[in-house]
Amino acid sequence: MSKPSIPQGTRDFSPELMAKRKFILNTIENVYQSFGFMQLETPAMENLSTLTGKYGNEGDQLLFKILNSGDYLKDLALETLDSKSLIPKIAEKGLRYDLTVPLARFVAMHRHEISFPFKRYQIQPVWRADRPQKGRYREFWQCDADVLGTDSLLCEADFIKIYQTVFSKLGLHDYEIRINHRKLLEAVCEKADAKQHFRTITIIIDKADKIGIDGVAKELGSIGLDAAQVQTVLSLLNKKELSKQTIEAFSKDLSGTESIGKAIEDLNKLIDLCGNNLKQIVLDGSLARGLDYYTACIFEVVPTSVKMGSISGGGRYDNLTEVFGLKEKVSGIGISFGIDRLYDVMEELQLFVGQTSSFADVLFCPMDEEAISYCLPLADICREKGFKTEIYPSPSKLKKQLDYANSKNIKWAIIVGESEIEKREVSIKNLVDGNQQTSDIVDFVDLIH
RNA sequence: GUGGUCAUAGCUCAGUUGGUUAGAGCGCCAGUUUGUGGUACUGGAGGUCGUCGGUUCGAUCCCGAUUGUCCACCCCA
């Protein structure tokens with residue numbers, strides 16, 4: 001028997017780890033709910049046909065496929081197939097790659113039961129057959145929230161407020177909300193007379209963080225842009241402040257282009273809706289986001305004091321359900337938190353240190369078999385009062401029982417032996433300060449806090 | 001898919017210019033204290049040095065392959 005192990009890029013979450021993860025998960029879920037989002041869950045696996053072709057050429061390769069049951073090679077003429085054409089014949093299901101496509105599938109299937117605007121959140125694991133590295137796992141959790149069926153800029157403003165609320169509750173202050181508008185990107189390309197290179201250009205400027213302005217200029221040159229065109233594109237990267245002045249400047253620089261009007265209008269409106277609350281927001285012209293379906297405002301959140309990729313991303317899209325053949329357009333906007341990265345960032349910044357998690361409040365320590373049944377109704381009283389309570393399952397040595405309490409960070413030990421039972425009492429020990437007192441079995445619970 | 005890195009106790013890591021009994025800290029178990037923990041002291045368990053092959057009288061150490069880890073590129077949360 002070889003040593004047990006788990007697949008690469010996956011992790012076990014110990015009780016200590018789960019306590020911290022739940023804190024993040026619950027925080028995000030509570031904030032979503034406080035904005036009126038409703039929960040949706042979808043299966044871990046989808047039909048492969050639902051997933052393929054939605055994430056670009058490379059995306060399909062990152063899908064985990066599930067082998068069909070039974071003798072899946074029975075009727076195949078293997079010699080006539082290559083591996084690519086083989087896959088659809090032997091695998092009809094795959095693990096979900098994100099939560100947006102399942103949402104689109106759900107909406108397409110249940111269009112007639114849904115009334116718009118439809119606000120849903122979804123917190124579930126997703127799987128990608130990527131090569132693992134820092135902040136990248138093959139199984140990780142996404143926390144999505146989307147609003148479908150409205151073009152209102154209020155959604156954008158709400159999501160910004162959701163970001164600020166969540167991070168404030170988590171105690172994470174070193175972050176930056178980056179905002180951009182796809183139409184701004186289009187306008188720049190149009191102005192530079194390089195519309196046909198739109199995709200390539202967005203991919204290049206998206207790397208500005210890593211390769212710097214000079215690097216961007218170089219790569220733009222390498223795809224055939226002349227110096228003037230490169231300068232036009234680079235002009236996007238200088239202005240960082242989200243303000244009416246910046247937007248006015250863009251409006252002038254890019255006047256005459258087809259797309260600029262919509263971008264200016266949206267961003268101005270967004271500023272109005274946010275009021276003065278533009279804390280930690282930057283207008284980042286280099287933000288592009290790979291997914292093609294975004295059409296207007298796009299977001300990304302990055303930690304500023306830790307080297308880590310984005311911990312959240314999102315944006316507005318025009319037609320979510322188009323690929324599923326729904327004739328009616330369903331536009332919307334969504335964001336997603338990556339809580340695995342969020343966890344890594346918080347761990348690195350030691351934001352969990354103040355939170356001592358205890359797995360129980362009260363431990364009953366029976367000294368003999370008779371004491372166990374004596375403790376049973378008393379433990380129920382504690383639980384009814386809201387204390388997490390357990391009874392040590394065997395009358396072991398007291399030292400062992402108290403060690404157990406320490407290891408679980410339990411504050412109260414209630415010791416019951418022959419003498420307590422005789423006098424209808426319990427001995428209550430506070431394991432934090434070491435004080436101990438006796439009490440009758442009616443009032444003892446009042447001493448616990 | 002491409003490149004690099006590392007793999008020794010449950011965990012974090014030493015170490016051997018290739019030589020016979022492979023170490024530390026933490027953790028775990030037991031005792032000092034037969035009903036009082038978190039401190040201290042004493043003792044104990046636990047490793048075919050990732051796997052397979054090669055070189056050698058001899059390999060945990062050198063070489064090759066393989067698997068896994070971590071990191072970077074691509075892409076992304």
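Sequence lines set the chain letters: A, B, ... in the order given, protein chains first and strands last, and positions in each chain run from 1.
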Take the angle between the ring planes of A/Tyr317 and A/Tyr294 and call it parallel below 30°, perpendicular above 60°, tilted in between.
-> tilted

Span that lies between the P atom of B/rC52 and that of B/rG38, in whole angstrom = 43 Å

Just call it for A/Ser310: base, sugar-phosphate, or nothing, with non-hydrogen atoms closer than 4.0 Å on any strand.
-> sugar-phosphate

Name the orientation class of the two ring planes belonging to A/Phe444 and A/Phe364 (parallel below 30°, tilted from 30 to 60°, perpendicular beyond 60°).
-> perpendicular

Whole Å only: how far is the CG atom of A/Leu62 from the C1' atom of B/rA77?
-> 13 Å

Could you tell me which residues satisfy salt bridge (charged side-chain N to carboxylate O under 4.0 Å, His left out) with A/Glu219, sequence neighbours excluded, listed by chain and number?
-> A/Lys207

When you check every protein heavy atom under 4.0 Å of nucleotides 29-35 of chain B, what one-letter string (B, S, -) results, 5' to 3'?
-> --S---B

In terms of ring plane angle, is the pair A/Phe167 and A/Phe337 parallel, tilted or perpendicular, where the classes change at 30° and 60°?
-> perpendicular

Taking for each residue the nucleotide of RNA chain B bearing the nearest heavy atom, is the 5' side occupied by A/Leu402 or by A/Arg341?
-> A/Leu402

Atom CG of A/Asn435 to atom C1' of B/rU36: distance rounded to whole Å?
-> 13 Å

Nearest-Å distance once atom C1' is located in both B/rA59 and B/rG27 | 32 Å

Pairwise C1' distance, B/rG19 and B/rU56 [rounded to whole Å] = 12 Å

A/Leu431 CG - B/rU36 C1' separation (whole Å) | 9 Å

Report yes if a side-chain nitrogen or oxygen of A/Arg289 is closer than 4.0 Å to either non-bridging phosphate oxygen (OP1 or OP2) of B/rA77; otherwise report no.
-> yes

For RNA chain B, consecutive-pair runs of 3 or more (Watson-Crick or G-U wobble, both H-bond-type distances under 3.5 Å) give B:1-4 with B:70-73, B:10-13 with B:23-26, B:28-32 with B:40-44, B:50-54 with B:62-66

Taking protein heavy atoms under 4.0 Å as touching, what does nucleotides 67-73 of chain B look like 5' to 3' if B marks base contact, S marks sugar-phosphate-only contact and - marks none?
-> -SS-SBB

Quick one: label A/Leu342 by what it contacts on the DNA or RNA (base, sugar-phosphate, nothing), any heavy atom closer than 4.0 Å.
-> nothing

For A/Met308, does the CE atom sit with more than 12 other heavy atoms under 6.0 Å from it, leaving out its own atoms?
-> yes

Are side-chain N/O atoms of A/Arg120 and A/Gln122 paired as donor and acceptor at under 3.5 Å?
-> yes

In chain order, what residues pass the salt bridge (charged side-chain N to carboxylate O under 4.0 Å, His left out) check against A/Arg136, with sequence neighbours excluded?
-> A/Asp130

Is it true that A/Glu46 and A/Lys93 have a side-chain N and a carboxylate O under 4.0 angstrom from each other?
-> no

Backbone N/O of A/Thr50 and side chain of A/Lys54: donor-acceptor pair under 3.5 Å = yes

Qualifying residues under salt bridge (charged side-chain N to carboxylate O under 4.0 Å, His left out), relative to A/Asp318, sequence neighbours excluded | none

So what does A/Val126 touch, heavy atoms closer than 4.0 Å: a base, only the sugar-phosphate, or nothing?
-> nothing

C1' gap between B/rU34 and B/rA24, integer Å = 35 Å

Separation of atom CG in A/Asp433 from atom P in B/rG37, rounded to whole Å | 15 Å

Between B/rA22 and B/rG50, how far apart are the P atoms? Round to whole Å, please.
-> 15 Å

side-chain contact (heavy atoms from CB on, under 4.5 Å) between A/Tyr121 and A/Gln33, worked out = CA-CA 8 Å; A/Tyr121 73 90; A/Gln33 287 176 347; 2.9 Å; yes

Rounded P spacing from B/rA65 to B/rC6 in Å = 15 Å

How far, in whole Å, is B/rU17 from B/rU55 if one measures between their P atoms?
-> 24 Å

Please state whether the rings of A/Trp412 and A/His449 are parallel, tilted or perpendicular, taking 30° and 60° as the class boundaries.
-> perpendicular

If you measure from the P atom in B/rA40 to the same atom in B/rU8, how many Å do you get, rounded?
-> 29 Å

Looking at every strand, decide which applies to A/Asp403 at a 4.0 Å heavy-atom threshold: base, sugar-phosphate, or nothing.
-> sugar-phosphate

